[in-house]
Every structure is written in C-alpha cells, then in structure tokens.
Amino acid sequence: MVAITLPDGSVRQFDGAITGEQLAASIGPGLAKAALAMKIDGQLLDLARAIEKDSAVSIVTKKDADGLELLRHDAAHVMAEAVQELFPKTQVTIGPAIENGFYYDFARTEPFTPDDLTKIEDKMREIVDRDEKIIREVWERADAIKYFKGIGEDYKAELIEGLPASEPITVYKQGKWLDLCRGPHLPSTGKLGKAFKLMKLAGAYWRGDSKNEMLQRIYGTAWGDEKQLKEYLTMLEEAEKRDHRRLGQEMDLFHIQEEARGAVFWHPKGWTVYRSIQSYIRRRLDEAGYVEVNTPMLVDSVLWQKSGHWDKFRHAMFVSESEERALAIKPMNCPCHVQIYNQGIKSYRDLPLRMAEFGACHRNEPSGALHGLMRVRAFVQDDAHIFCTEDQVKSETKSFIELLRTVYKDFGFNEVKVKFSDRPPVRAGSDETWDRAENALKEATAAAGLDWELNPGEGAFYGPKLEFVLRDAIGRDWQCGTLQADFVLPERLDAEYVGEDGAKHRPVMLHRAILGSFERFIGILIENYAGKLPLWLTPLQVVVATITSDANEYAADVAKTLQKAGLRVETDLRNEKINYKVREHSLGKVPIIAVVGKKEAEERTVALRRLGGNNQEILALAEAADRLRAECAPPA
RNA sequence: GCCGACGUAGCUCAGGGGUAGAGCAACUGAUUCGUAAUCAGUAGGUCCGCGGUUCGAUUCCGCGCGUCGGCACCA
C-alpha cells in the first residue's frame, strides 16, 4: 500500500507504486491535462516517475512558480531541437531557465542572424505541435561520453566528464532529438504551449570563462499563456521609456560623448540633482559623526604598490608621469585616507574614526562594460573609511546598516537586496584573518536584523563585503551601497593605534558607501521614478506660467517670492497658449506649474497645477510659498 | 576586452548606386488665448571616419571609431 498525502491534507491510498500521471488522473481529468511535473516530499520530478512509498505529493502546473520554471527549461530544449534541425552542424552546450525566460548556448562557426531567430521560433512552434513525448533515460557514464563524442557533441561530453561520479547520467529524448539533462521535464513538447518569444542574440563564454571560446547565446522569454507574455512585453516597452540615458537626454540632465567615454558632462539641471543629493548625504554623515577630508587625485605608484592595488589593478588605472615617476590617478580613496590617519599618533580613544570623502576617482573600465551613468570611468562615491578596533567592527557595521536604511528610505527604496560576498580565490591576508573578518560581519548583520544571500567567492581581495543592490528599470541589478571589512590594508600601510595596554595595535578599516557612486545612484533614481523625481530632488520645482502678457509683472513677483522661499523656479512668459505651456512643462516633468492670469494678478493668488493632475488649487501667494517650501524640503 | 546588431538634421526616424526626406525642436512673422500641441514662413546635413570597387558611393566591400544588447570584468 502507498499512502499519498496531497497539499490539501487529504490522503489517498493506492495498492502499489503509481506514476504522477496516474495520480493526477485519479484526482481529476482537468488536473491530468494541466499536470507538468510533481513534487514528492519537496523534490521536483517527472510525472512519469513512480511514487513507490508513502509521501507528500503535489502536482505541479504552470500556475506554480516551479511549473513556470520547468516550462522555461523546456522552452530551452525545444529551441535547441529547433536549432539543430535547422542548423545541423551546431553543437548544443547548456540551456537553463532564467528569470522570465531561458537561454541556450550554441557552438557554431556561422553567426546566427536576427532572421534566424524568426525561423527558429517557427520551428519551435512546429515542435510544440508535434507534441513529442519527453522520455527520461539513465545512461552509463562511459556510454554517454562515447555517444556524445560520436555525434560531435564535444561540449556535452566534457560536461559529463565533469559530473561527480555519484550523479546518474540522464538524457531526455523528445522525438528524434535528445539532450543530456538532469531534468525534470514536461511530459511532452505540446505542454510548452506557444507563449514564448526569442528575444536576443548574444555572445557568451563557454563555462563563463573569458579564456574559453565564445558561444552564441539565444535568449527567449516564456510564459504560461499569451496574456502573460503580452503583459511582459508591454512591461519591457514601458521600462524602456524609463531608461536613464533616454530620460537624461529628454530632461537635459547630462550627456556623454566619445571624447570622454565613461565620463559624465553634467548639465545645469543634472548637476542640481547631484548637488541636492550631495548636501543631503553630507548632512547625514555629519549627524552620524563622520569627518570629511579631501585627498590628492594624482598619487605616486609607490603608494599603490604598497597598498596592493598596483599588482591587482594596474591594468585598470590611468597613469601619468612626472620627473620619471609613475603617478596614478586615484581609482579609490582608501590608501590616501590611511595617509591622513597615519599623521600623528592615534590612541584607542580616537577610534572609531570615520573619515569621509567625495573624491573623484577614475578606473579604466573595460569598454564593453560602460553603461550610461551606471558604469562609468570617472565617478564620485559617498565614500568613507571607518578606522576602528576589532571589537568595534560589529557596532560600527550595525550603525552603518541603520544609517543606510534611513538614507534608502528617504530616497524611496524600501526593499533592498543584500548580498554577502565572502573570500575570493585570489586574496590577500591569512585564512585566520578572513575567518575573523567574515565572522565579524556576519555577527553585525545578525545584530542589525539584516537578511542577505550568499555571493560565494565575490569578496574584495582584502576582505569580505556586504553589497546593497538596487534594480534598474529593466531588471538589471547594480551594486550601490557596500561595506567591506579590511584587515589587510592597515597592515600594508602600517596604520596603528596605541591601545589601553600601551601597546601598538592594528586598526580595522571598514570601507563603506551608502549610495555607491553618485552617477550610478542618480541613474537608478531616474529609472525608479521614471524621471518624476521627488520634489526635493527635482531640478526645476516650479514653473510660473502666464496666460497672457498682462500677468508678466505679477509672474515675476511670484517667481521672486518662491525663490526667496528657497524653491527652484523659472518663469514662462512666452506668447503661447496656456495649453501649450502646460503640455511642454508636463512633458519636461516639472512637478508644479503655477499658472497666473489676470485674475490671479488682481487677487495676488496663484493657481497650482500638479504634474499628472488635472485640477488646480488656488492659493494666496504667501500661503503657496509657505506650503511649497515645506513640500520641497529635503527629508528631516 | 569578446560576440552580434546598429550609426542619415538638435531629437525621433524614413529612404536608397545618379543634386537627401518627414515630424518635432530652432529661427522669423502673425496671434494675447484659462490648464497636455495656434497659424504661416525660413533655415538646417562631411548620410560616423578612412580606404577600396565604380563614370559616379550616403547606399556595395574592407578597416577603424562609437553606440546598443549580452558575456567576461567591477578595488
């Protein structure tokens, strides 16, 4: 007897082993049709597998997240089958499901063209119509290697060779085609449905290593039904309109040109946003007990050699020279901060010492990495280094996390992804040092109640790091805030303090930034708000627009009053219809239009119109000034 | 850096081996108007750069530069 517990808690008894298909059919014909896979005691398996002992089983359909992921994985397989049918000399490599879709990496001498994508998509639909049964087989390792080598699938053979001996080698057959795969899979290609679309072509290195050959990756998206697919495509279109590069141009915030790749020309409006953010963050740092410094832009390579950066990052540093000495344009502020720390003798009483700098840094990022404001070669961070004792790491980390939360909340980011990156393969410092650093950070995050996901091996060469990640309009993640515990640099640059015991000790350095670079953070802000920045950040807060020239003089009065109230104001006295002015400033994302005509001039009032709204509010000028001043004030 | 696509007016884009096209913006003039486009006119181009093929190249070919999408990288 086999007793199967279903998700609703009910238990079904069967005489013996039963397959998922049979189970689904026993529950109902609708479910049998919708069934894609099953979950036995939490393990996802093919429907054709037998349930042999008492267990908790749920039938997975495309309404489940697991089902959708399976569907996407199958889409990758169907695409691979289509590709090999159309382009027989192509080798398949790997093809997983990813967020919103799937990809498959192919090895082929000829590049795929955008036209090929259409052909492949058509062929995929054909394969779905064929409704090929998907069958799992377990093969002998040696046979599998021999088979894949025999048909010229060298990458697959290499994959099998790399699998642990304990792992069974499974292949999935669909029609005449088969692929090495761990599974599970849908029962047949027909279950995939047709709510998929091939999206883009890209190069990708075999096994993610730039030393390996480059494969051709085809990305696709796949959904449970046409409606979901359409919604997703519409969402993408909308997201494109939020792209900070597009809005930056439309809103006249900044530009980048080829004579200064990866460096930003901030226009007056963009620079106003930048300055607002900077004075806000400066206030927060003052409140949190930081001191601000400023250090040289050009520093002798000797210092970078001592710090260890020269060895690891020489290739990405801009170097100049003077009197036969190599001078590096600073890629970061930390070694300079240690130089200030090292002036005079530090006592344990001086710690923690929180040293901030808005220093302009330059890194020669690979050309292919450059991306609008998000990845630049010249940038400024809200950078600071906290020199503290090992005992203080926990409390300093905790208060940093609290400060970061306050700041992110003020900018409207309430949900932030946090990654914990631990020791990388190539690193400085002993394992004991890394143990201490990693533990200290982990304890501090626990104390601050911060959840994170592990990002194994991605720490900085001198220490583990916490990364605070924000998402752009089309779902790309960018590291903004960071905290890195560094036990190495103080050693290398000989920083010390006199302890309570009268002996000399090494301080710990916490490298930390909240916004990360101003450039990237502004990029994220623009996308997050689709250009409609909060009042305190928006470059132009109020436009005073006249209805006819009769009100010109009064409009100037209004603008002056609002300016005195600390607002960023312009007047629009042009001989244009009010409709025209409203449209233009609305498209320019000006949050408040103060309309003044003959009536307002006589009564000394203004008609305030909010962006996106279609009614107005008539207020006495003095009251309007008071109210807008309060509304436009930065967060307290 | 690697793979692919793309590069035409300030912007968005069409075109195509034979003197370069639209809309918006700009400029000029008229219009004084009540909450998302008033009308008319004018001007605007090394068709990314260099080389080749051709009687003739913005168009075809090659190389370079840049942009975009991924990959790799990200102190």
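As the structure is a computational prediction, the values presented were derived from the model and not from experiment. Letters A, B, ... mirror the listed sequences (proteins, then strands); counts begin at 1.
Taking the side chain of Y219(A) as heavy atoms from C-beta on, and the options A72(B), G70(B), A75(B), the nearest nucleotide is G70(B). Side chain of P111(A), nearest nucleotide from C71(B), A72(B), G4(B): G4(B).
C47(B) and A20(B) are spaced 9 Å apart, taking the P atom of each and rounding to whole Å. Remark: the separation of the C1' atoms in C50(B) and C65(B) is 10 Å, to the nearest Å. Look at the C1' atom in both C2(B) and C11(B): the space between them is 32 Å, to the nearest Å. Between the P atoms of A57(B) and G17(B), the separation comes to 14 Å (whole Å). Nucleotides A40(B) and U35(B) have their C1' atoms positioned 26 Å apart, rounded to a whole Å.
Applying the 3.5 Å distance criterion, the base of C3(B) shares no donor-acceptor pair with the side chain of R217(A).
Here G208(A) lies in heavy-atom contact (under 4.0 Å) with sugar-phosphate atoms only. Within 4.0 Å (heavy atoms only), F112(A) reaches no atom of the nucleic acid at all. Within 4.0 Å of Q484(A), counting heavy atoms only, lie sugar-phosphate atoms of the nucleic acid but no base atom.
Rounded to a whole Å, the NE2 atom of H511(A) is 16 Å from the P atom of C74(B). Distance, K581(A) NZ to U32(B) P: 14 Å, rounded to whole Å. The CG atom of D477(A) sits 14 Å away from the C1' atom of C74(B) (whole-angstrom rounding). Atom CZ of F379(A) and atom P of C74(B) are 14 Å apart (whole Å). What separates CG of L510(A) from P of A75(B) is a distance of 17 Å, to the nearest Å. Nucleotide C68(B) holds its C1' atom 13 Å from the NE2 atom of H244(A), rounded to whole Å. As a whole-Å value, the separation of D311(A) CG from A75(B) C1' is 13 Å. Atom CD1 of I98(A) is separated from atom C1' of C71(B) by 13 Å (rounded to the nearest Å).
A donor-acceptor contact shorter than 3.5 Å is absent between the side chain of S586(A) and the backbone of L611(A).
Checking the phosphate oxygens (OP1, OP2) of G69(B), a side-chain nitrogen or oxygen of H371(A) falls inside 4.0 Å. Between K312(A) and A75(B) there is no side-chain polar atom (N or O) within less than 4.0 angstrom of OP1 or OP2. Taking side-chain N and O atoms only, R363(A) has no distance below 4.0 Å to OP1 or OP2 of A75(B). For R574(A) and C33(B), the shortest distance from a side-chain N or O to OP1 or OP2 is not below 4.0 Å. Look at R261(A) and you'll find a side-chain N or O under 4.0 angstrom from OP1 or OP2 of U67(B). Side-chain nitrogen and oxygen atoms of Y205(A) include none within less than 4.0 Å of the OP1 or OP2 phosphate oxygen of C73(B).
Remark: E617(A) CD is packed, more than 12 non-hydrogen atoms of other residues, nucleotides or ligands lying under 6.0 Å away.
In terms of position along RNA chain B, the nucleotide closest to Q216(A) lies nearer the 5' end than the nucleotide closest to the other residue of the pair D243(A) and Q216(A). Two residues, F461(A) and E258(A), neighbour RNA chain B, and the one matched to the more 5' nucleotide by heavy-atom proximity is E258(A).
With F461(A) as the aromatic partner, R427(A) does not meet the cation-pi criteria of under 6.0 angstrom to the ring centre and within 45 degrees of the ring axis. Geometrically, R207(A) does not engage Y205(A) in a cation-pi contact, judged by NZ or CZ lying under 6.0 Å from the ring centre and within 45° of the ring axis. Judged by the 6.0 Å distance and 45° axis criteria, R108(A) is positioned over the aromatic ring of F87(A).
The nucleotide A25(B) finds no pairing partner, because no Watson-Crick or G-U wobble arrangement with both distances shorter than 3.5 Å includes it.
In this structure, W223(A) has its ring center no closer than 6.0 Å to that of F196(A).
No hydrogens or angles considered: nothing links the side chains of E602(A) and Y554(A) as a donor-acceptor pair under 3.5 Å. In the model, T295(A) has no side-chain atom that pairs as donor or acceptor with a side-chain atom of Q339(A) under 3.5 Å. Using modelled atom types, one finds no donor on one side chain facing an acceptor on the other under 3.5 Å when comparing W206(A) with D105(A). A donor and an acceptor atom, one from each side chain of T546(A) and K581(A), are located under 3.5 Å apart.
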Polar pairs (N or O, both sides) under 3.5 Å between protein and nucleotides 34-38 of chain B?
unit_1	atom_1	unit_2	atom_2	d
G34(B)	O6	K598(A)	N	3.4
G34(B)	O6	K599(A)	N	3.1
G34(B)	N1	E600(A)	OE1	2.9
G34(B)	N1	E600(A)	OE2	3.4
G34(B)	N2	E600(A)	OE1	3.2
G34(B)	N2	E600(A)	OE2	2.4
U35(B)	O2'	R609(A)	NE	3.3
U35(B)	O2'	R609(A)	NH2	3.4
U35(B)	O2	R609(A)	NE	2.9
U35(B)	N3	Q616(A)	OE1	3.0
A36(B)	OP2	R609(A)	NH2	3.0
A36(B)	O4'	R583(A)	N	3.2
A37(B)	N9	R583(A)	NE	3.4
A37(B)	N7	R583(A)	NE	3.1
A37(B)	N7	R583(A)	NH1	3.3
A37(B)	N7	R583(A)	NH2	2.9
A37(B)	N6	R583(A)	NH2	2.6

List every contact pair, protein side and nucleotides 42-49 of chain B side both N or O, where the distance is under 3.5 Å.
none

Practice task
Report the C-alpha distance between H337(A) and F387(A) in whole Å, list the side-chain angles of each, state the deciding distance to 0.1 Å, and finish with yes or no for ring-ring contact (aromatic ring centres under 6.0 Å, His included).
Solution key: CA-CA 10 Å; H337(A) 288 187; F387(A) 296 87; 7.7 Å; no
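K419(A) places a side-chain heavy atom less than 4.5 Å from the side chain of V469(A).
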